[in-house]
Number of protein chains: 2
Amino acid sequence: MDLRRLRYFVAVAEERSVGKAAERLRMAQPPLSVQIRKLEAELGAPLFRRGTRGMDLTEAGLALLSRASEALALAEEGFEAARAIASGQRGRLSVGYMFVLASAVLPRLVPELRRSLPGVDLDFVELSASTRKTLLLDRAVGVALCMPAIHHPEIQVAQIGTQPLMLAMPARSPLARLSAVPVGKLQGRPLIALPRPEEEPTSSAVSAMLRRHQVVMPIVSRVETVHSALSLVLAGEGFSILPACAKLGAPPGIAFRRFVDIADTIEIAACWRRDSSSPLIRNFLKSAEKVVARL
Amino acid sequence: MDLRRLRYFVAVAEERSVGKAAERLRMAQPPLSVQIRKLEAELGAPLFRRGTRGMDLTEAGLALLSRASEALALAEEGFEAARAIASGQRGRLSVGYMFVLASAVLPRLVPELRRSLPGVDLDFVELSASTRKTLLLDRAVGVALCMPAIHHPEIQVAQIGTQPLMLAMPARSPLARLSAVPVGKLQGRPLIALPRPEEEPTSSAVSAMLRRHQVVMPIVSRVETVHSALSLVLAGEGFSILPACAKLGAPPGIAFRRFVDIADTIEIAACWRRDSSSPLIRNFLKSAEKVVARL
DNA sequence: CATAGGCATACCGAAAACGTATGGGTTGGC
DNA sequence: GCCAACCCATACGTTTTCGGTATGCCTATG
C-alpha cells in the first residue's frame with residue numbers, strides 16, 4: 001500500500017520490462033523485481049505474465065494500471081497545489097483599497113499583481129472609512145491598502161511608501177502662481193477636511209502639521225472622499241491638504257502645490273490580520289512596494 | 001511521497017487531531033506526529049496550524065486533502081479491481097455454446113452465471129459446427145460449451161457432464177409404445193444424422209454405437225442442427241439418435257426413448273484456450289457443472 | 001552447444017518507521 | 001494563582017523494510 005510501489009508498478013507496466021524500468025527509476029533491477037512481487041503478493045493477484053522477453057500485463061494488472069496512474073497524477077497534483085499555495089503563487093486574495101489610492105495605485109497595481117501572481121484569484125473592493133476595519137477583521141478582505149495605517153492589536157501593518165502632503169486649490173487661485181507655498185499663507189483660509197481623526201486618520205496628519213506651524217484654518221466642510229473634497233475645491237469653497245497621489249485622480253482646474261520647507265509625509269500602508277499572515281500577502285507586499293515606489 | 005503518509009495525513013485532517021488519528025490508525029501518537037512533520041518538510045509547506053486544541057488545516061492542507069483522498073480512493077479501487085479480476089469475480093467472458101445445448105442448458109446457466117458472477121460482463125454466442133474451433137482459437141469466445149469436446153493441442157477440455165443417447169421418433173410410431181428400445185429394432189430404419197464426424201463429433205458417438213451393435217441405418221438426411229433433425233423426425237422422414245438433453249427443446253409430437261442395455265453416453269465439455277486459462281473460467285466451470293448436474 | 005538477455009533469489013548494509021519515555025505550552029477548575 | 005489535564009513535539013533504542021551486489025535459472029539465438 002505504498003505510493004512508491006505504485007510508481008514502480010506503473011514504470012514496469014509502461015516499460016514492459018523490469019530492467020528498463022529500473023534504469024528509468026535509477027535503481028538496480030533486483031530490488032525492483034522484489035517490489036513488484038511484493039505488490040502482487042499483497043494483492044494476491046498476479047499483475048504480470050513473465051515471458052522470456054519481458055513482462056506483460058495481465059487483466060488485473062491492466063485494471064490496476066489505469067487507476068494507479070490516475071492516483072499518482074492526482075497525488076502529484078495535490079503536492080503541487082499545496083506547494084503553490086504555501087509559496088503564495090496560488091490562492092484567493094481580496095484586496096481592499098481606500099478611495100484616495102484608487103486613481104494613483106490601482107491602475108498600476110492590478111496589472112502588476114495579475115502578472116506576478118497568475119495563479120491567484122484576486123478581487124478588489126473599495127473600502128470606506130467606516131467599514132474598513134470591520135471588513136479586515138471579518139476577513140472579508142485579506143489585505144487592505146490604507147493611508148495611513150489602521151491601528152489595532154490584531155492587525156499587522158507594513159509601510160510600503162510615503163506621500164508628501166500637498167495643497168489643493170483652484171488653478172485660478174493667486175497662490176497657484178507659486179511653485180511652493182509657505183504654510184503661513186494658509187492662515188485663516190477655509191479648509192475642506194476629510195473625516196474626523198478617529199475614523200479617518202488621514203486628516204490627523206494634516207491637523208498635526210497645521211498645529212505644529214501654528215496655523216489655523218477654519219473647517220468649512222467635512223467630506224467622506226477625496227473626490228468630494230476636490231469637487232468643493234473646484235467650486236471655490238476652499239482649500240484642501242491631501243497626499244500627493246490624489247493629484248492623479250484630480251479633475252482639470254485643480255492645482256497641487258508642495259509646501260516650502262515642509263517634509264511632512266503621510267504613509268501608505270498594507271494592513272492585514274495578524275493571524276492570516278501568509279506567503280500570499282508577502283508576495284502582495286512585494287508587488288505593492290514596487291508599484292508605490294514608482295509613484 | 002508515500003501512500004502511507006497520505007493516509008496518515010487524511011486521517012489527521014479528518015480527525016483534526018494527531019492523537020485521535022493515531023488511535024484510528026492503531027498506532028502511537030508520536031510517530032504519527034513525526035510523519036506529518038516529515039510530509040510538511042518534504043512539501044516545504046505547512047499543512048496544519050497547531051492550535052492548543054488540536055490541528056487545523058491550512059489552505060495548502062485543504063488543497064492537498066481533496067486530492068489526497070481522491071487519490072487514496074482511486075488506489076484502493078485499483079487494488080480492489082485487481083483482486084476481483086484475479087479471483088474471477090470481475091472481467092469479461094464470452095461464452096460459446098453449441099446448438100444442442102441451447103434449450104437444455106442456457107435457460108438455467110445464464111441466470112446462474114449472472115447470480116454467481118455479478119461483476120462479470122458476460123455475453124453468449126451460438127457456435128456452429130464449422131466455426132467453433134476458429135472462434136475459440138481467435139479468442140472471439142473465451143470458453144465454449146461443446147458436445148462432445150473439441151480436441152486440439154492448444155485447447156484445454158473439462159468434462160462437466162454426460163448425456164445418454166436416446167432415440168427420437170414421432171410419438172405415433174409403434175416403437176414409442178416401448179419404454180426402452182432394443183438397439184436391434186433399428187436395423188434398416190432410416191436415420192436422420194447430424195454433420196459428418198470430422199466437423200461434428202456428436203454423430204461419431206452414434207455411429208460407433210451402431211457399429212458396435214452391428215446395426216445399419218441408412219442415412220436419409222444430414223442436417224446441421226438438432227432442431228432440423230427433430231423437424232424431419234416429426235415429418236416422418238425417419239429416426240434420429242440424440243443426447244437426452246435435446247428432449248427439452250423438442251416440439252410436441254416427438255417421443256424420446258432410451259435404449260435397452262445400452263449405457264452409451266456423450267460428454268458435455270467446456271473448452272478454452274490453454275493460454276487464456278483464468279480464475280474467471282474456473283468460476284464459470286463451477287457454475288456450469290452445477291447446472292449440468294441437475295439436467 | 002555456447003552465449004546473451006532477462007527475471008528471480010540470497011545476503012548484507014543502510015535507512016526509515018514504530019514504540020516508549022518525556023518535555024513544553026495552554027486551558028480550565030479548585 | 002496554582003495544579004491537573006490535554007495535546008503536540010522531541011529523543012532514543014529497536015525492528016522492519018529497502019536498496020545494492022553477486023549469482024542462479026531459463027529461454028531464445030546463432
Side-chain angles (χ1 to χ4, degrees), chain A residues 1-58 60-61 64-65 68 72 75 79 153-154 274-275, chain B residues 1-58 60-61 64-65 68 72 75 79 153-154 274-275:
Chain A
M1 306 302 199
D2 200 324
L3 201 57
R4 182 170 24 87
R5 289 234 177 98
L6 282 189
R7 213 181 292 282
Y8 289 176
F9 164 70
V10 171
V12 173
E14 286 178 357
E15 300 285 344
R16 309 164 58 89
S17 150
V18 180
K20 297 274 168 49
E23 200 174 334
R24 193 171 103 184
L25 295 165
R26 311 278 172 92
M27 67 186 291
Q29 169 264 321
L32 182 54
S33 178
V34 168
Q35 292 303 323
I36 295 297
R37 296 191 87 77
K38 279 193 183 172
L39 180 59
E40 289 179 315
E42 256 179 54
L43 283 169
L47 299 170
F48 294 96
R49 263 183 293 273
R50 272 78 170 170
T52 169
R53 276 280 173 267
M55 320 262 284
D56 207 19
L57 279 173
T58 61
L64 179 59
L65 177 60
L72 284 176
F79 293 151
E154 286 192 30
R274 213 171 273 283
D275 64 1
Chain B
M1 305 308 196
D2 201 325
L3 202 55
R4 190 191 38 249
R5 291 240 177 93
L6 282 189
R7 212 181 294 282
Y8 290 175
F9 164 70
V10 171
V12 173
E14 285 177 357
E15 300 285 345
R16 306 165 58 89
S17 149
V18 180
K20 296 272 169 46
E23 201 175 333
R24 192 172 106 185
L25 295 166
R26 314 276 172 93
M27 67 187 291
Q29 170 263 321
L32 182 54
S33 178
V34 169
Q35 291 303 323
I36 296 296
R37 297 190 87 74
K38 280 193 183 173
L39 179 59
E40 289 178 315
E42 257 180 52
L43 283 169
L47 299 170
F48 293 96
R49 261 182 296 272
R50 271 79 170 170
T52 168
R53 275 280 173 267
M55 319 261 286
D56 206 19
L57 279 173
T58 61
L64 179 58
L65 177 61
L72 284 176
F79 294 151
E154 285 193 30
R274 212 171 274 283
D275 63 2

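Chain naming here is simple, since letters A, B, ... match the order of the sequence lines and numbering starts at 1 in each. Values reported hereafter were calculated over all heavy atoms of this structure, with side chains retained and with hydrogens, waters and symmetry mates removed.
Here C:dA8 presents its P atom at 12 Å from CG of A:Leu47, a figure rounded to the nearest Å. What separates CZ of A:Arg50 from P of D:dA28 is a distance of 17 Å, to the nearest Å. The separation between A:Arg49 atom CZ and D:dT27 atom P is 17 Å, rounded to whole Å. In this structure, B:Leu3 atom CG and C:dA17 atom C1' are separated by 16 Å, rounded to whole Å. Summarising the geometry, the separation between CZ on A:Phe48 and C1' on C:dG6 is reported as 14 Å, rounded to the nearest angstrom. The nearest whole Å value for the distance from the NZ atom in A:Lys20 to the C1' atom in C:dC7 is 13 Å. Put simply, CG on A:Leu39 is 17 Å from C1' on C:dC7, counting in whole angstrom units. As a whole-Å value, the separation of A:Arg4 CZ from D:dT17 C1' is 8 Å.
Using a 4.0 Å heavy-atom criterion, one finds that B:Tyr8 contacts the sugar-phosphate atoms exclusively.
In this structure the side chain of A:Leu43 reaches within 4.5 angstrom of the side chain of A:Leu64, judged on heavy atoms. Taking the side chain as every heavy atom from C-beta outward, A:Met55 and A:Arg16 never approach each other to under 4.5 Å.
For C:dG6, neither phosphate oxygen OP1 nor OP2 lies less than 4.0 angstrom from any side-chain nitrogen or oxygen of A:Ser17.
In terms of heavy atoms, A:Leu6 sits closest to B:Phe79 at CD2-CE2, 3.8 Å.
Checked against C:dA16, C:dC7, D:dA9, the side chain of B:Arg37 finds its nearest nucleotide in D:dA9. Looking at the side chain of A:Lys38, the nearest of the listed nucleotides D:dC18, D:dA9, C:dA17 is D:dC18.
Taken from CG in B:Leu57 to CZ in B:Arg49, the straight-line distance is 8.5 Å, to the nearest 0.5 Å.
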Do any side-chain atoms of residues 21-34 of chain A form donor-acceptor pairs under 3.5 angstrom with protein atoms, and if so which ones, sequence neighbours left out?
| from | atom 1 | to | atom 2 | distance (Å) |
| --- | --- | --- | --- | --- |
| A:Arg24 | NH1 | A:Glu14 | OE1 | 3.3 |
| A:Arg24 | NH1 | A:Glu15 | OE2 | 3.0 |
| A:Arg24 | NH2 | A:Glu14 | OE1 | 3.1 |

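Within a heavy-atom distance below 4.0 Å of DNA chain D, the residues of residues 23-36 of chain A found are A:Met27, A:Ala28, A:Pro30, A:Pro31, A:Gln35.
In this structure, the ring pair (Phe, Tyr, Trp, His ring centres under 6.0 Å) partners of A:Phe9, at least two apart in sequence or on a different chain, are A:Phe48.
Using modelled atom types, no side-chain atom of A:Gln35 and backbone atom of A:Arg5 make a donor-acceptor pair closer than 3.5 Å.
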